[in-house]
Amino acid sequence: MPRDYSALRVLLIDDQPASRQYLRAVLGGVGIEAVTDAADANAALEAVTARGARFDLILCDLRMPGRDGIEVIRMLAGLRLGCAVAILSVETERVVESAGQLAALRGLNFVGAVQKPLTEEKLEALLEAVAPEDPDGAPSRPTAAEIRHALATGEIEPSYEPDIAMRTGACIGAVAAPRWPHPSRGVMDADVLLPACEASPALLSQL
């Protein structure tokens, strides 16, 4: 049974309009329509720090004028985003893998490095890490008991989403949300954790 990725939100960071158009078509081919474009690091910063913004996956090209993909990776790591990040590039496999290692070392939820062109097959391999499923094919959601145990053992941590003043670039506040980097299900954020605790108000208050 085909997977349903239609609820995923994706940010594309690529300076080439034709490349972004192609990537949108590939994403659309697997049912993803909630796509935001960013032509450079500044546009990416504006997108991820906009009030209420939340992305499940960021696809970032390496070769861009001005601040390249490596600089964007450093910027994203500094923001401590909980979403998945994947690297796309026409560079050699060695260069792409090195950039991926940097992303992982910087603490990003790095899910893969892919040489262009991106195909639906390559994309679905990334999406398996972004939206894992259980053996029956249904989206994996933790039980309240699992969340309670994760809280007791310190596995669930706060994730801070900064509010950035676009005129000055200064951080003027932050919103805290729960984040669980699960070893097999991938990173689960408030969108997954809060609905799983709806029947337990006491547990909700701990998140």
Side-chain angles (χ1 to χ4, degrees), residues 1-40 43-62 64 69 72-73 76 79 81-90 96 99-100 103-104 108-143 159 161 177-196 198:
M1 181 178 179
R3 295 286 304 278
D4 182 6
Y5 298 115
S6 60
L8 295 181
R9 295 149 297 184
V10 176
L11 172 63
L12 298 178
I13 308 175
D14 192 308
D15 67 301
Q16 297 295 323
S19 180
R20 296 197 302 274
Q21 183 177 5
Y22 170 79
L23 292 170
R24 274 182 170 271
V26 175
L27 289 163
V30 298
I32 299 175
E33 301 293 340
V35 181
T36 300
D37 286 357
D40 53 32
L45 176 63
E46 183 175 355
V48 298
T49 58
R51 186 173 296 277
R54 183 178 292 276
F55 297 101
D56 300 292
L57 173 65
I58 295 176
L59 297 175
C60 181
D61 188 28
L62 279 185
M64 294 186 291
V72 174
I73 288 170
L76 295 174
L79 294 174
L81 300 174
C83 60
V85 177
I87 292 171
L88 305 176
S89 182
V90 294
V96 175
L108 290 173
N109 177 22
F110 178 67
V111 294
V114 177
Q115 285 187 289
K116 289 183 174 180
L118 182 68
T119 63
E120 288 188 15
E121 291 75 17
K122 292 177 182 178
L123 176 61
E124 289 194 353
L126 294 176
L127 296 177
E128 286 295 326
V130 178
E133 63 179 1
D134 66 20
D136 296 324
S140 178
R141 176 177 289 182
T143 65
S159 174
E161 299 181 6
R179 178 177 181 271
W180 185 6
H182 196 281
S184 61
R185 291 175 175 146
V187 175
M188 291 181 280
D189 59 17
D191 287 350
V192 174
L193 297 175
L194 295 181
E198 287 178 348

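By convention here, the first residue in the shown sequence is residue 1. What you are looking at is a predicted structure, and each value in this text was computed from that prediction instead of being measured. Only this structure's heavy atoms are used, side chains among them; waters, hydrogens and symmetry mates stay out.
- Interatomic distance, CG of L62 versus CD1 of I73, reported as 6.0 Å (0.5 Å rounding).
- Between A44 and L11, the shortest heavy-atom contact is O-CD2, 4.4 Å.
- We find the CG-CG distance between D15 and D37 to be 12.0 Å, quoted to the nearest 0.5 Å.
- Residues F55 and T36 come closest through the heavy atom pair CE2-OG1, 3.6 Å.
- Shown here for L12 and R20, the closest heavy-atom pair between the two residues is CD1-O, 3.8 Å.
- When all heavy atoms of R179 and L193 are compared, the pair lying nearest together is N-CD1, 4.3 Å.
- The CG atom of D61 lies 4.0 Å from the CG atom of D14; values are rounded to the nearest 0.5 Å.
- For the atom pair L127 CG and I32 CD1, the distance stands at 4.5 Å (nearest 0.5 Å).
- Within the model, atoms CG of D189 and CG of L194 stand 8.5 Å from one another, a figure rounded to the nearest 0.5 Å.
- If you take CD on Q16 and CE on M64, they are separated by 10.5 Å, rounding to the nearest 0.5 Å.
- Panel note: side chain Y22, backbone L118; a donor-acceptor pair is recorded below 3.5 Å.
- Side-chain N or O atoms of K122 include none that pairs as donor or acceptor with a backbone N or O of K116 at under 3.5 Å.
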